[in-house]
Amino acid sequence: MNERQLRILRELGELGSVTAAAEALLMTPSAVSQQLRLLQRAIPVPLTERAGRRLVLTDAGQALADAAAGVESALAHARHTIDAFLNEPDGPVSVAAFHSAAGAFFPLLLRDLAGPGSPRLALADEDVAQDRFPLLTRDYDLVLAHRLDPAPPWPRSVTATTLLREPLDVALPVDHPLAAKRRLTPHDVADKPWITVHDGFPLLATIEAIATAANRRLDIVHRVNEFTVVAEAVAAGGGLALMPRWTTRPHPALTLKPLSGVHARRHIDVLHRPERAARGAVRTVLAALRRAAATVRDRDTASASPSGPRHGPAGAGEDPALPPGLRRHATARPSSRTRTRRPR
């Protein structure tokens with residue numbers, strides 16, 4: 001039993017013949033008869049009977065035809081409800097992001113969508129390994145995720161839009177001997193202690209690429225995912241670290257230096273299940289995320305000056321018009337040439 005069959009039964013009862021019902025429904029009489037036979041198979045009592053040369057409804061058929069009117073009304077109301085939900089401009093939209101993206105994007109989203117009639121945001125931070133981001137699209141409308149460039153694409157079950165291709169720089173104290181250099185190489189940094197992320201998180205592959213390019217194991221002394229904590233540890237002399245150029249907050253005791261010899265860049269992507277974008281409110285937030293990404297990128301470019309990068313003082317010769325290290329990166333294959341210092 002389906003909506004179409006009930007509609008045919010209702011028209012037959014109102015118009016009194018298969019031919020008239022077929023004309024009203026823009027069907028052939030044989031197609032009408034076939035659908036009536038399929039409907040009859042689902043009902044244990046006869047729905048139609050012959051009255052001379054005409055096919056008419058039985059009492060059971062008329063009762064079902066009367067109920068069909070209620071079914072059509074309920075379905076029309078359901079469609080209207082769905083249409084209203086899909087086109088509701090101020091509907092709820094849930095957004096999840098890893099920590100550094102949340103710090104950069106959430107304030108911009110909240111300001112951009114603060115006016116009346118804007119989507120109602122529900123924001124959450126989710127610090128997960130790279131392969132777990134697609135699973136978060138079950139629970140959130142939009143998920144900000146990151147992966148290294150190059151890296152395997154996200155699974156085809158989610159739609160991915162790249163918001164930023166963000167350089168990864170080496171963070172070091174402003175008074176570090178390497179701070180005078182304009183840019184660094186893997187050989188410059190491979191013999192220093194390192195602070196890096198936990199296993200399974202995207203930046204670790206770049207750490208391994210540095211080890212490969214320098215042909216030596218790196219001395220990993222601390223594992224911390226939160227960049228605000230990493231910044232404080234670097235400033236305190238705990239080691240060098242890779243930090244995103246655009247989405248981390250400036251720290252007065254740090255400087256960021258571009259890295260040559262490895263491909264040090266990450267994608268920040270927004271993931272969602274394809275059906276989520278059917279809602280107008282979700283599309284509004286997607287557009288706001290793209291605007292926020294442009295603001296994050298342009299704000300960093302605008303803050304560049306002859307005195308150096310936005311974290312701490314600069315080395316000589318910095319280009320004031322372009323973030324350093326943005327144009328040229330070489331690629332090194334990741335390896336397992338890292339070791340973690342064991343506690344003593």
Side-chain angles (χ1 to χ4, degrees), residues 1-95 116-122 134-143 153-161 270-288:
M1 183 190 305
N2 59 43
E3 178 188 2
R4 185 185 187 194
Q5 293 166 354
L6 292 175
R7 177 75 185 278
I8 290 171
L9 187 72
R10 183 183 177 192
E11 293 295 337
L12 176 62
E14 291 182 356
L15 299 177
S17 73
V18 169
T19 300
E23 290 178 355
L25 295 171
L26 302 178
M27 299 171 64
T28 64
S30 61
V32 168
S33 297
Q34 181 185 26
Q35 291 299 315
L36 288 172
R37 286 194 296 271
L38 291 174
L39 176 61
Q40 182 63 74
R41 291 177 187 176
I43 305 299
V45 294
L47 299 176
T48 61
E49 61 186 3
R50 286 288 174 181
R53 300 179 61 184
R54 296 169 54 242
L55 188 69
V56 298
L57 300 184
T58 63
D59 290 344
Q62 188 59 56
L64 185 57
D66 292 342
V71 170
E72 285 195 51
S73 176
L75 289 173
H77 177 72
R79 293 190 188 97
H80 175 76
T81 300
I82 289 297
D83 288 343
F85 173 74
L86 293 177
N87 297 305
E88 185 182 14
D90 59 349
V93 178
S94 57
V95 183
S118 296
R120 302 191 303 278
L121 295 173
L135 300 178
L136 293 177
T137 60
R138 298 175 181 175
D139 302 318
Y140 300 96
D141 293 311
L142 301 171
V143 175
W154 300 109
R156 297 173 64 182
S157 59
V158 299
T159 298
T161 301
V270 56
L271 311 181
H272 62 85
R273 295 196 168 191
E275 65 271 16
R276 303 276 190 170
R279 294 179 53 214
V282 172
R283 295 194 300 273
T284 296
V285 177
L286 278 169

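Here, residue 1 is the first one in the sequence, and each next residue gets the next number. In this text, all values refer to a predicted model and were calculated from it rather than measured experimentally.
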Indicate every side-chain donor-acceptor pair of residues 275-283 with a distance under 3.5 Å to a residue at least two apart or in another chain.
residue : atom : partner : partner atom : Å
Arg276  : NH1  : Asp141  : OD1          : 2.9
Arg276  : NH2  : Thr137  : O            : 3.1
Arg276  : NH2  : Arg138  : O            : 3.1
Arg279  : NH1  : Pro92   : O            : 3.1
Arg279  : NH2  : Pro92   : O            : 2.6
Arg283  : NH1  : Ala277  : O            : 2.9
Arg283  : NH1  : Ala278  : O            : 3.0

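Between Ala160 and Trp154, the shortest heavy-atom contact is CB-CD1, 3.6 Å. For the residue pair Pro274 and Ser157, the shortest heavy atom distance occurs at CD-O, 3.6 Å. Minimum heavy-atom separation, Ala24 to Leu15: CB-CD1, 3.6 Å.
From His272, atom NE2 reaches atom OG1 of Thr161 across 5.0 Å, with rounding to the nearest 0.5 Å. The CG atom of Leu55 sits 9.5 Å away from atom OG of Ser17, with the distance rounded to the nearest 0.5 Å. Atom CG of Leu57 sits about 10.0 Å away from atom CD of Glu14, to the nearest 0.5 Å. Here the CG atom belonging to Leu64 is positioned 6.0 Å from the CG atom belonging to Leu39, to the nearest 0.5 angstrom.
Side-chain contact between Leu47 and Leu36: absent, with no pair of heavy atoms (C-beta onward) separated by less than 4.5 Å. With a 4.5 Å cut-off on side-chain heavy atoms, Met1 and Ile43 count as touching. Residues Met27 and Gln34 have side chains not in contact (no heavy-atom distance under 4.5 Å, counting atoms from C-beta outward). In this structure, Val18 and Leu12 have side chains that are in contact, with non-hydrogen atoms separated by less than 4.5 Å. Looking only at side-chain heavy atoms (C-beta outward), Val32 and Glu11 stay at 4.5 Å or farther from each other.
Within a 6.0 Å sphere centred on CZ of Arg120, other residues, nucleotides and ligands contribute more than 12 heavy atoms.
For Glu72 (side chain) and Ala69 (main-chain N/O), no donor-acceptor pair under 3.5 Å exists by modelled atom type. Side chain of Ser33 to main chain of Pro29: a donor-acceptor pair is present (N/O by atom type, distance under 3.5 Å, no hydrogens or angles).
Sorted by first and then second residue, the side chain to side chain donor-acceptor pair (under 3.5 Å) pairs with a member in residues 39-62 read Gln62-Asp66; sequence neighbours excluded.
With sequence neighbours excluded, the residues that form a side chain to side chain donor-acceptor pair (under 3.5 Å) with Ser30 are Thr28.
Between Arg7 and Glu3 there is no salt bridge, since no side-chain N of the basic residue sits under 4.0 Å from a carboxylate O of the acidic one.
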